[in-house]
Amino acid sequence: MKQFYMPTRIVHGEGSLSRLKEFVGNQDHVCLVTDKTLVGIGVARKVMDLLSDIGAKCTVFSDVPPNPHEEVVEKAVTQAKKAGCNSVIALGGGSPLDVGKMVAFLLTNPGKLEEYQWDNRPTDAPMAKLINIPTTAGTGSEVTATAVIISRNTKKGIKRDDLFAMVAIVDPALMVSMPPHITSTTGIDAFTHAYEAYVGLGANPVTDAWALEAMGLLIEYLPRAYVNGQDMEARENVALAAVLAGVAMDQAGLGVIHSCSGPVASYYDVPHGLSNAVFLPYAVSYNLIAALDKHVMLAELFGMDTSGLSRREAAGLAVDAVVQFLADLEIPEGLYDYFGTDEDIPKFAQSACDMFLMKNNPRKPKPEDLIPIFEAVLKR
Ligand code: NAD
């Protein structure tokens with residue numbers, strides 16, 4: 001193992017939001033970065049009421065859309081600076097969490113987001129205090145040192161050790177309002193993190209342990225959370241899986257799924273979890289022969305009977321299991337409604353091969369290897 005570094009304190013479990021008072025004081029002026037849905041359904045109000053009880057000031061920035069662009073970060077930073085904020089609470093799915101990270105960072109560091117995103121400008125000062133409170137169970141952004149922001153028509157992660165939050169409060173009670181399709185697609189996002197961390201070249205014994213546990217929990221509990229959003233045991237375990245998978249992928253890296261879904265999501269406005277989910281069966285099928293034993297393990301994690309089979313045959317059962325898993329969660333097989341033109345396909349295939357995430361994949365595709373996959377996923 002080369003290195004494992006994850007300094008964020010994780011507070012997990014139903015009701016854990018009430019522990020916010022341990023991490024915020026009355027000297028704090030919090031910028032609460034969230035989105036309109038969470039304001040509308042009263043989730044943001046819960047946090048604001050707790051801050052008021054503590055005596056902390058709060059300025060709300062709720063203009064974060066799914067798959068945020070750099071302009072959103074700039075707007076939020078301007079508002080937070082003008083209000084005199086000295087700390088950030090990021091509340092929401094991965095989109096508000098990623099914007100919140102960059103707001104906390106740019107409150108104490110000069111210059112623009114793109115200097116850090118594209119030019120790798122070094123950090124000047126530790127970022128402002130950051131508390132992450134996820135309301136989806138998928139991205140794992142609450143525990144990663146990564147913020148994914150679209151800039152220059154590219155979905156680009158900014159990854160640096162400075163972006164780890166002080167604490168992640170993971171309260172499944174904040175997730176029960178997720179409708180089934182958001183529950184399933186965000187949950188599969190977590191599965192893709194764990195899968196890519198597990199089979200990728202950066203995997204190590206620690207990340208394998210986190211990734212395997214995450215996939216096991218998702219196989220057992222994600223269908224339950226999907227069919228009954230009020231099932232708190234299921235919500236709690238899916239939220240835990242997202243954390244485990246997030247840590248695993250942040251440490252071990254990603255691969256072909258995220259390399260393919262990145263270009264698609266940069267050009268089409270596809271929900272992040274869905275854009276990963278549709279590539280999952282193709283990735284498992286493509287990667288099989290490069291990591292046979294790990295795919296045998298995956299098949300067995302799904303409960304497939306591998307007795308008497310060759311390793312190749314047993315590994316192949318992982319594809320069947322994943323296809324069935326996605327079907328049970330009623331996840332669409334493709335992104336047909338989002339498809340633009342035929343010219344997009346070779347462009348996406350080339351971009352996917354050029355993605356740095358692809359370096360971690362156990363098998364290296366050429367653009368012509370990916371074209372049939374993009375055709376199957378995009379064209380009906
Ligand atoms: P999201 O934050 O974009 O939210 C999707 C939708 O779900 C929004 O409409 C939101 O309002 C709604 N929602 C969120 N919580 C809800 C709740 N409790 N009840 C009802 N509705 C709720 O979705 P996401 O999938 O969590 O995040 C995707 C973003 O995260 C993408 O930009 C992706 O690139 C990024 N990401 C970041 C990391 C990282 O490590 N930083 C990892 C993976 C993905």
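Values below: all heavy atoms of this structure, side chains included; hydrogens, waters and symmetry mates excluded. Indexing begins at 1, ligand by ligand and atom by atom, following the structure's order. Note that the coordinates shown come from a computational prediction; the quantities given were computed from them, not determined experimentally.
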Asker: Could you see which bit of Asn67 sits under 4.0 Å from ligand 1, with heavy atoms only: side chain, backbone, both or neither?
Answerer: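 It is both backbone and side chain that touch ligand 1.
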Asker: Would you say the ring centroid of Phe348 lies under 6.0 angstrom from that of Tyr268?
Answerer: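 Ring-ring flag for Phe348/Tyr268: true, centres closer than 6.0 Å.
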Asker: Ring of Tyr267, cation from Lys347 - is the NZ or CZ under 6.0 Å from the centre and inside 45° of the axis?
Answerer: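 Verdict for Tyr267: a cation-pi partner in Lys347.
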Asker: What's the separation between atom OG1 in Thr186 and atom CD1 in Ile188, rounded to the nearest 0.5 Å?
Answerer: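 Going from the OG1 atom of Thr186 to the CD1 atom of Ile188 covers 9.5 Å.
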Asker: May I ask you to identify the nearest protein heavy atom to atom 12 (C) of ligand 1, giving residue, atom name and distance to one decimal place in Å?
Answerer: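 The closest heavy atom on the protein side is Ile182 CD1, 4.0 Å.
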Asker: Which is it for Lys155 and ligand 1 at heavy atoms under 4.0 Å: side chain, backbone, both or neither?
Answerer: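 The part of Lys155 near ligand 1 is the side chain, not the backbone.
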Asker: Please report whether ligand 1 has a polar contact with Thr186, defined as an N or O pair separated by less than 3.5 Å (distance criterion only).
Answerer: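 For ligand 1, there is no N or O atom that lies under 3.5 Å from one belonging to Thr186.
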Asker: For ligand 1, which atoms sit closer than 4.0 Å to a heavy atom of Gly93?
Answerer: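 Counting atoms of ligand 1 from 1, those under 4.0 Å from Gly93 are 2 (O), 26 (O).
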Asker: For ligand 1, which atoms sit closer than 4.0 Å to a heavy atom of Pro68?
Answerer: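 Listed by number with element, the hits are 32 (O).
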Asker: Hey, is CD on Glu71 packed in by over 12 heavy atoms from elsewhere, all under 6.0 Å?
Answerer: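 For Glu71, atom CD is crowded (more than 12 foreign heavy atoms under 6.0 Å).
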Asker: Is Ile41 close enough to touch ligand 1? Criterion: a residue heavy atom under 4.0 Å from a ligand atom.
Answerer: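 Yes, Ile41 has heavy atoms under 4.0 Å from ligand 1.
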Asker: So which protein heavy atom does atom 13 (N) of ligand 1 come closest to, and at what separation?
Answerer: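 Atom 13 (N) of ligand 1 sits closest to the protein heavy atom Thr136 CG2, 4.3 Å.
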Asker: Which residue and atom name correspond to the protein heavy atom nearest atom 24 (P) of ligand 1, and how close is it?
Answerer: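 The closest heavy atom on the protein side is Gly94 N, 3.5 Å.
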Asker: In this structure, would Leu370 and Ile257 fall into the same cluster of hydrophobic residues linked by side-chain contacts under 4.5 Å?
Answerer: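 In one cluster with Leu370: Ile257, yes.
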Asker: Is Arg9 atom CZ crowded by more than 12 heavy atoms from other residues, nucleotides or ligands, each under 6.0 Å away?
Answerer: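 Counting neighbours around CZ of Arg9, 12 or fewer heavy atoms of other residues, nucleotides or ligands fall under 6.0 Å, so no.
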Asker: Consider ligand 1: state whether an atom of it lies below 4.0 angstrom from any non-hydrogen atom of Gly138.
Answerer: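 No.
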Asker: Which heavy atom of the protein is the closest neighbour of atom 17 (C) of ligand 1, given with residue, atom name and distance?
Answerer: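 Atom 17 (C) of ligand 1 sits closest to the protein heavy atom Ser177 OG, 3.4 Å.
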Asker: Treating Asn237 as the side-chain partner and Glu233 as the backbone partner, does any N or O pair qualify as donor plus acceptor under 3.5 Å?
Answerer: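 Checked: pair present.
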Asker: Is it true that, when you exclude Tyr336 itself, more than 12 heavy atoms of the residues, nucleotides or ligands shown sit nearer than 6.0 Å to its OH?
Answerer: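 Yes, enclosed.
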Asker: Relative to each other, are the rings of His272 and His193 parallel, tilted or perpendicular (30° and 60° limits)?
Answerer: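 If you compare the ring of His272 with that of His193, the planes turn out tilted.
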Asker: Could you check whether Asn276 and His258, counting side-chain N and O atoms only, form a donor-acceptor pair closer than 3.5 Å?
Answerer: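 Note: His258 and Asn276 side chains meet the donor-acceptor criterion.
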Asker: Once you restrict to heavy atoms under 4.0 Å, what part of Thr144 touches ligand 1? Side chain, backbone, both or neither.
Answerer: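 Side chain only.
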Asker: So, do Tyr198 and Phe191 have ring centers that fall under 6.0 Å from each other?
Answerer: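 No, the ring of Tyr198 stays outside the 6.0 Å limit from the ring of Phe191, centre to centre.
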Asker: Hey, does the side chain of Thr8 reach the backbone of Met166 with a donor-acceptor pair shorter than 3.5 angstrom?
Answerer: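 Side chain of Thr8 to backbone of Met166, a donor-acceptor pair under 3.5 Å: no, none is there.
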Asker: Any idea which of Val64, Asp35, Leu97, Thr146 brings a heavy atom closest to atom 41 (N) of ligand 1?
Answerer: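 Heavy atom nearest to atom 41 (N) of ligand 1 belongs to Thr146.
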Asker: Number the atoms of ligand 1 from 1 as they appear, then name those within less than 4.0 Å of a heavy atom of Pro66, with their elements.
Answerer: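 Taking each heavy atom of Pro66 in turn, ligand 1 has 3 (O) under 4.0 Å.
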Asker: Tell me: protein heavy atom nearest atom 42 (C) of ligand 1, and distance?
Answerer: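 In this structure, atom 42 (C) of ligand 1 has Thr139 O, 3.4 Å as its nearest protein heavy atom.
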Asker: Are Glu115 and Lys112 ion-paired here, with the side-chain N under 4.0 Å from a carboxylate O?
Answerer: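 Result for this pair is no, no salt bridge flagged.
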Asker: Just let me know how Met249 lines up against ligand 1, side chain, backbone, both or neither, with a heavy-atom cut-off below 4.0 Å.
Answerer: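 The answer is the side chain of Met249.
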Asker: Can you tell me which residue and heavy atom of the protein come closest to atom 36 (N) of ligand 1, and the distance to 0.1 Å?
Answerer: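 That would be Asp98 OD2, 3.7 Å.
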Asker: So, does Gly246 sit close enough to ligand 1 that a heavy atom of it is under 4.0 Å from the ligand?
Answerer: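 False for this residue.
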Asker: Taking only heavy atoms of Pro96 into account, list the atoms of ligand 1 that are under 4.0 Å away from them.
Answerer: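 Counting atoms of ligand 1 from 1, those under 4.0 Å from Pro96 are 2 (O).
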Asker: For atom CE of Met297, decide whether the heavy atoms of other residues, nucleotides or ligands shown that lie under 6.0 angstrom number more than 12.
Answerer: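 No, the 6.0 Å shell around CE holds no more than 12 heavy atoms from other groups.
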Asker: Return the closest protein heavy atom for atom 1 (P) of ligand 1 as residue, atom name and distance.
Answerer: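 Ranking protein heavy atoms by distance from atom 1 (P) of ligand 1, first comes Ser95 OG, 3.5 Å.
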Asker: Looking only at non-hydrogen atoms, which of Leu174, Thr37, Thr34, Val43 approaches atom 18 (N) of ligand 1 most closely?
Answerer: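 Of the listed residues, Leu174 has the closest heavy atom.
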Asker: I need the nearest protein heavy-atom contact for atom 15 (N) of ligand 1: residue, atom name and distance, please.
Answerer: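 Going by distance alone, atom 15 (N) of ligand 1 is nearest to Thr135 OG1, 2.8 Å.
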Asker: Mark whether atom 4 (O) of ligand 1 lies under 4.0 angstrom from at least one protein heavy atom.
Answerer: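 So far as the 4.0 Å threshold goes, atom 4 (O) of ligand 1 is out of reach of every protein heavy atom.
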Asker: Between Lys101, His272, His193, flag the one that comes closest to atom 33 (C) of ligand 1 by a heavy atom.
Answerer: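 The option holding the nearest heavy atom is His272.
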